Amino acid sequence: MKGWFFIMNEKVKDLLQQQVNKELYSAYLYLDMSNYYISKNLDGFAHWFKLQAQEEFDHAMLITQYLQNSDIEVILGAIDAPDASYDDIKKPLTMALEHEKYVTSLINDIYSEAQADKDYRTSQFLDWFIAEQAEEEATAQELIGRFELFGEDSKGLYLLDKELGAREHEEPSLEL
Ligand code: FEO
């Protein structure tokens, strides 16, 4: 749907444009982690992170669609290369949690700007992202916990890898 005919505050618009880039960077980062796990023969972990990358791409598409619905041209910037180095197979899990906390702070910043501008339409759109971020942080935390419980011995790691390999892609529950 296009043509909602409302004037979005420049700052909110800029932050949403930047968030498209941040979500695409998140996809890049998780794809990098997926590639790392492939190199470690942990195909289930690799699969899990590949789907995580796909989710991030979905997030970027949702924000793109929201901007386009608001008649705003989406300008794409360069995506940074992930400059992560992983000391061990637990490292991507802790980095993923840190990254999600960072993304939560970005979403919160956009929400604050929208609220300050009484842009309740954008606030309502971002409600979904706020709930999603809470879920993403919880999932990342849970994965670390499961790794600490089962990932330290080879049989437990094998089973955890198998379990993560069964993850399926879920379409975002938000429709625009
Ligand atoms: Fe799109 Fe994981 O934040």
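From a predicted model like this one, the values you see are computed outputs, not experimental measurements. Ligands are counted one by one from 1 in listed order, and the atoms in each one are counted from 1 as well.
- Side-chain contact between M8 and D117 is absent, with no heavy-atom pair separated by less than 4.5 Å.
- Note on E23: its N/O/S atom closest to atom 1 (Fe) of ligand 1 is OE1.
- Rounded to 10°, the angle formed at atom 2 (Fe) of ligand 1 by OE1 of E136 and OE2 of E56 is 100°.
- Atom 2 (Fe) of ligand 1 has E100 among its coordinating residues (N/O/S atom, backbone or side chain, under 2.8 Å).
- Checked by atom type and distance alone, the side chain of Q52 never pairs as donor or acceptor with a backbone atom of A27 at under 3.5 Å.
- For the 3.5 Å distance criterion, the side chains of E23 and Q19 qualify, holding a donor opposite an acceptor.
- Electrostatic pairing of R167 and E55 counts as a salt bridge here, judged by a charged N lying under 4.0 Å from a carboxylate O.
- Looking at H59 and atom 1 (Fe) of ligand 1 together, the shortest N, O or S contact belongs to ND1.
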